[in-house]
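All figures in this text were calculated on a predicted structure; none of them were measured in a lab.
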Amino acid sequence: AAGGTNSTLLGGRDGTGRPIADSASPIRDEKGSVTGVVLVFRDQTQERKAQRELRRFQFMGENAGQEVYLVKPSGRLIYVNRAAARSLGYTVQEMLAIRNPGFDLYFGSSFRSHFEKLKAHDLPPFETIHIAKDGRHVPKEIKSVYLRMGDQEYVCGFGHDITSRK
């Protein structure tokens with residue numbers, strides 16, 4: 001094995017390296033002297049592949065021109081990308097701190113109803129008004145989809161400013 005933190009490769013007979021997590025624990029006798037070491041190696045090939053995929057999707061979400069929102073059934077935002085925050089003059093952190101109905105003039109107060117309808121069947125895109133940090137009303141078109149990850153439910157919304165259509 002060679003390497004260091006998060007970069008240890010275990011060499012194979014064919015000369016290829018396999019990424020591993022490793023740890024060592026001393027074996028001590030009754031006097032406390034070290035008499036040996038227990039080494040544990042864990043193959044991290046799949047974990048590192050998953051980490052690369054996650055970073056790729058995070059990059060895509062953060063740098064997409066499309067606004068992306070991830071919302072809990074309660075209406076609480078748990079993810080918003082920079083495009084969505086920027087469109088309303090907020091930082092991402094400011095957007096995440098806004099409580100429902102916060103920035104959505106029409107659907108904020110009725111979000112739970114929208115969530116239940118969306119959970120039952122796909123809905124077409126809809127128009128709404130988002131309230132910018134400076135108080136401006138910004139017309140938006142939003143396409144939302146129901147999303148279940150494990151035992152958690154969400155609405156993932158994709159939006160864009162439709163001011164030019166108004």
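- We find the CZ-CG distance between Arg48 and Asp43 to be 9.5 Å, quoted to the nearest 0.5 Å.
- Judged by distance alone, the side chain of Asn81 and the main-chain N or O of Glu67 form no donor-acceptor pair under 3.5 Å.
- Nearest heavy-atom pair across Val37 and Ala24 is CG1-CB, 3.8 Å.
- Smallest separation of non-hydrogen atoms from Val145 and Leu118: C-CD2, 3.6 Å.
- Under the side-chain contact (heavy atoms from CB on, under 4.5 Å) rule, Val138 has a single partner from Ile131, Ile162, Ile129, Thr163, which is Thr163.
- Put simply, NE2 on His114 and NZ on Lys117 are 9.0 Å apart, with the number rounded to the nearest 0.5 Å.
- Using a 4.5 Å cut-off between side-chain heavy atoms of Ile, Leu, Val, Met, Phe, Trp and Tyr, with links allowed through other members, Val92 and Val71 fall into the same hydrophobic cluster.
- Using a 4.0 Å cut-off between charged side-chain N and carboxylate O, Lys143 and Asp122 make a salt bridge.
- Both Leu147 and Ile78 are assigned to one and the same hydrophobic cluster, defined by single-linkage of ILVMFWY side chains at heavy-atom distances under 4.5 Å.
- When atom types are taken as modelled, the side chain of Ser110 and the backbone of Ser113 share no donor-acceptor pair closer than 3.5 angstrom.
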Original post:
Going through the distances and angles, do Arg18 and Thr45 end up as a side-chain hydrogen bond (donor to acceptor under 3.5 Å, both in side chains)?
Top reply: CA-CA 7 Å; Arg18 183 174 289 282; Thr45 303; 3.2 Å; yes
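- Of the possible donor and acceptor atoms, one in the side chain of Glu94 sits under 3.5 Å from a partner among the backbone N and O of Thr91.
- When the side chains of ILVMFWY residues are joined at heavy-atom separations under 4.5 Å, either directly or via intervening members, Val80 and Phe115 end up in a single hydrophobic cluster.
- Put simply, Phe158 and Tyr79 are part of the same group of oily side chains (I, L, V, M, F, W, Y) that touch within less than 4.5 Å, one to the next.
- Test Lys140, Arg82, His130 against Ser87 for side-chain hydrogen bond (donor to acceptor under 3.5 Å, both in side chains) and you get one pass: Lys140.
- Counting non-hydrogen atoms of neighbouring residues, nucleotides and ligands closer than 6.0 angstrom, the NZ atom of Lys133 exceeds 12 such neighbours.
- Summarising the geometry of Phe103 relative to Leu77, their closest heavy-atom pair is CE2-CD1, 3.4 Å, with the distance given to 0.1 Å.
- Between atom OG of residue Ser25 and atom CG of residue Leu39 there is a gap of 9.0 Å, rounded to the nearest 0.5 Å.
- Scanning both residues, Ser144 and Val155, for their nearest heavy atoms gives CB-CG1, 3.6 Å.
- The distance from atom CG of Leu9 to atom CD1 of Ile20, rounded to the nearest 0.5 Å, is 8.0 Å.
- Using a 4.0 Å cut-off between charged nitrogen and carboxylate oxygen, Arg165 and Glu127 count as a salt-bridge pair.
- Ring centroids of Tyr146 and His121 are separated by 6.0 Å or more, keeping the two rings apart.
- Under the 4.5 Å side-chain heavy-atom criterion for Ile, Leu, Val, Met, Phe, Trp and Tyr, Val38 and Val34 are members of distinct hydrophobic clusters.
- For Gly157 against Ile142, the heavy-atom pair with the smallest separation is CA-CG2, 4.4 Å.
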**OP:** Starting from the C-alpha separation in whole Å, work towards a yes-or-no answer on side-chain contact (heavy atoms from CB on, under 4.5 Å) for Gln44 and Gln46.
**Re:** CA-CA 6 Å; Gln44 287 195 309; Gln46 293 301 340; over 6 Å; no
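- In terms of heavy atoms, Lys72 sits closest to Phe111 at O-CE2, 3.2 Å.
- No side-chain N or O of Ser74 forms a donor-acceptor pair with one of Arg112 less than 3.5 Å apart.
- Side-chain contact, Asp29 with Thr35: no donor N or O sits under 3.5 Å from an acceptor N or O.
- Taking CD of Glu47 as the start and CZ of Arg52 as the end, the distance is 11.0 Å to the nearest 0.5 Å.
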